[in-house]
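Working notes, structure below.
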Amino acid sequence: QVQLVESGGGLVQAGGSLRLSCVASGRTFTNYAMAWFRQAPEKEREFVGGVRWSVPTAYYADSVKGRFTISRDNAKNTMYLQMNSLKPEDTAVYYCAADRLLHTTTRYDYWGQGTQVTVSS
């Protein structure tokens, strides 16, 4: 009913930048919140940031605040994660999630398959 597809991951050097995209499809509902999560090896999946459908305000984890920026284009059903000043500790699989409500936990109904981000030193 709702499908999410992430793209844009890759290998970059510390201090570099990447832009991730998450494209949503399906017509079950349109007024959904979208969020980014990440999971490093041997770590729990953690909230990176998220945004609601109808307001532009984004929320970020302290670890990425000031470096990462979330935006969305509702006409294209796409959410973006602009990552600047990347650090090795940002290395993780990044996931897109969607739900009718915005959560900072993993309690989302819909998830993408993830895209790998690797930051070398």
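Numbers here are sequence positions counted from 1. Computed from heavy atoms alone, side chains included, the values below leave out hydrogens, waters and symmetry copies.
- Residues E89 and T91 bring no donor and acceptor atom of their side chains to less than 3.5 Å of each other.
- Y108 and V23 fall into different hydrophobic clusters, where Ile, Leu, Val, Met, Phe, Trp and Tyr side chains are chained together by heavy-atom contacts under 4.5 Å.
- Atom CG of residue D90 and atom OG of residue S63 lie 7.5 Å apart, to the nearest 0.5 angstrom.
- Note: the hydrophobic cluster containing V117 does not contain W111 (ILVMFWY, side chain heavy atoms under 4.5 Å, direct or indirect links).
- With rounding to the nearest 0.5 angstrom, the CG atom of D73 is 5.5 Å from the OH atom of Y80.
- Residue pairs meeting the disulfide (SG to SG under 2.5 Å) criterion with at least one member in residues 43-93: none, sequence neighbours excluded.
- In this structure, the side chains of M34 and R72 come closer than 4.5 Å at one or more pairs of heavy atoms.
- Evaluation of the side-chain hydrogen bond (donor to acceptor under 3.5 Å, both in side chains) rule for K76 yields no partner, not counting sequence neighbours.
- Partners of R19 by salt bridge (Lys or Arg N to Asp or Glu O under 4.0 Å), not counting sequence neighbours: none found.
- A 4.5 Å side-chain heavy-atom check between N31 and R100 finds every atom pair outside the cut-off.
- No salt bridge links R107 with D99; every basic N to acidic carboxylate O contact stays at or beyond 4.0 Å.
- Judged as a ring pair (Phe, Tyr, Trp, His ring centres under 6.0 Å), and not counting sequence neighbours, Y94 has no contacts.
- L20 and F47 fall into different hydrophobic clusters, where Ile, Leu, Val, Met, Phe, Trp and Tyr residues are linked whenever their side-chain heavy atoms come under 4.5 Å apart, directly or through other members.
- The shortest heavy-atom contact between A92 and Q116 is O-NE2, 3.5 Å.
- E46 pairs by the salt bridge (Lys or Arg N to Asp or Glu O under 4.0 Å) definition with R38, not counting sequence neighbours.
- Residues W36 and F68 keep their aromatic ring centres 6.0 Å or farther apart.
- I70 and Y95 are not part of a single hydrophobic cluster, where members link through side-chain heavy atoms under 4.5 Å apart.
- Interatomic distance, R52 CZ to L102 CG, rounded to the nearest 0.5 Å: 5.0 Å.
- Applying the side-chain hydrogen bond (donor to acceptor under 3.5 Å, both in side chains) rule to T78 yields no partners; only residues at least two apart in sequence or on another chain are considered.
- In this structure, the side chain of E6 does not engage the main chain of C22 through any donor-acceptor pair within 3.5 Å.
- In this structure, the side chain of N74 engages the main chain of W53 through a donor-acceptor pair within 3.5 Å.
- The pair K65-D62 meets the salt-bridge criterion, since a charged nitrogen lies less than 4.0 angstrom from a carboxylate oxygen.
- In terms of heavy atoms, S17 sits closest to S85 at OG-N, 4.4 Å.
- To the nearest 0.5 Å, atom OH of residue Y60 and atom OG1 of residue T104 are 15.0 Å apart.
- The shortest side-chain heavy-atom distance between L86 and L18 falls under the 4.5 Å cut-off.
- Within 6.0 Å of the CD atom in Q82, the count of heavy atoms belonging to other residues, nucleotides or ligands exceeds 12.
- Both V64 and M79 belong to a single network of hydrophobic side chains, linked directly or stepwise wherever heavy atoms of I, L, V, M, F, W or Y lie under 4.5 Å apart.
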